[in-house]
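Side chains included, hydrogens not; waters and symmetry mates left out as well; all remaining heavy atoms used. Position 1 is the first residue of the sequence; numbering continues from there.
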Amino acid sequence: MLFAFSIAPGTTDDPDGSVSAAVADAIRVVRESGLPNETTSMFTTIEGDWDECMTVIKSACEAVAARSPRVSLVLKADMREGFTGQLTEKVERIEEQLRHPGA
């Protein structure tokens with residue numbers, strides 16, 4: 001299963017409104033989990049089973065909550081039993097289609 005999510009504090013003390021310190025705390029939790037993961041400018045994606053991923057997402061939310069009394073979570077899941085390695089393989093299938101349309 002793949003879980004793409006974005007966690008951000010609802011408040012920040014940073015004068016320019018940056019939330020990067022709190023987001024870094026959340027991503028640190030994800031990376032320390034040992035699950036396959038990827039972070040882009042808008043989302044972090046992790047791969048694993050339901051329980052292990054939801055535990056990591058909850059812990060990441062708690063890390064942000066340590067900095068802000070209000071936390072926002074956006075979550076999207078691709079639940080496809082029996083498939084692993086999809087964090088990279090899904091992208092490779094698209095790249096292959098771009099290289100060889102209709103293949």
| Do you know which two heavy atoms are closest between Cys53 and Glu47, and how far apart they sit? | SG-C, 3.8 Å
| task | Answer with yes or no whether the hydrophobic clustering places Met1 together with Ile46; edges join I, L, V, M, F, W, Y residues whose side-chain heavy atoms lie under 4.5 Å apart. | result | yes
| note | Rounded to the nearest 0.5 angstrom, the CG-CG distance for Asn37 and Leu2 is 11.5 Å
| said: Checking Thr12 now: which residues fulfil side chain to side chain donor-acceptor pair (under 3.5 Å) with it, not counting sequence neighbours? | reply: none
| said: Count I, L, V, M, F, W, Y as connected when their side-chain heavy atoms are under 4.5 Å apart, and connections chain through other members. Are Ile7 and Leu35 then in the same cluster? | reply: yes
| request: Side-chain contact test, heavy atoms from C-beta onward, threshold under 4.5 Å: evaluate it for Val30 versus Phe5 and give yes or no. | output: yes
| What are the two closest non-hydrogen atoms of Pro36 and Leu87, and how far apart are they? | C-CD2, 3.8 Å
| query | Does Glu95 use its side chain to pair, donor to acceptor, with the backbone of Arg93 at less than 3.5 Å? | reply | no
| said: Is it true that, when you exclude Arg99 itself, more than 12 heavy atoms of the residues, nucleotides or ligands shown sit nearer than 6.0 Å to its CZ? | reply: yes
| message | Quick check on the hydrophobic clustering: are Val23 and Val64 connected, directly or via other members, by side-chain heavy-atom contacts under 4.5 Å? | response | no
| message | What's the separation between atom OG1 in Thr39 and atom CD1 in Ile27, rounded to the nearest 0.5 Å? | response | 4.0 Å
Pair up each side-chain donor or acceptor in residues 71-82 with any protein partner under 3.5 Å, not counting sequence neighbours, and list the distances.
residue: Asp78; atom: OD2; partner: Lys90; partner atom: NZ; Å: 2.6

| note | Asp14 meets the salt bridge (Lys or Arg N to Asp or Glu O under 4.0 Å) criterion, sequence neighbours left out, with none
| Between CD1 on residue Ile57 and CD on residue Glu52, distance to nearest 0.5 Å | 11.0 Å
| Least distance between heavy atoms, Val29 atom then Ala60 atom | CG1-N, 3.8 Å
| query | Are any side-chain N or O atoms of Ser68 and backbone N or O atoms of Thr11, one a donor and one an acceptor, separated by less than 3.5 Å? | reply | yes
| query | How far does CE of Met54 sit from SG of Cys61, to the nearest 0.5 angstrom? | reply | 8.5 Å
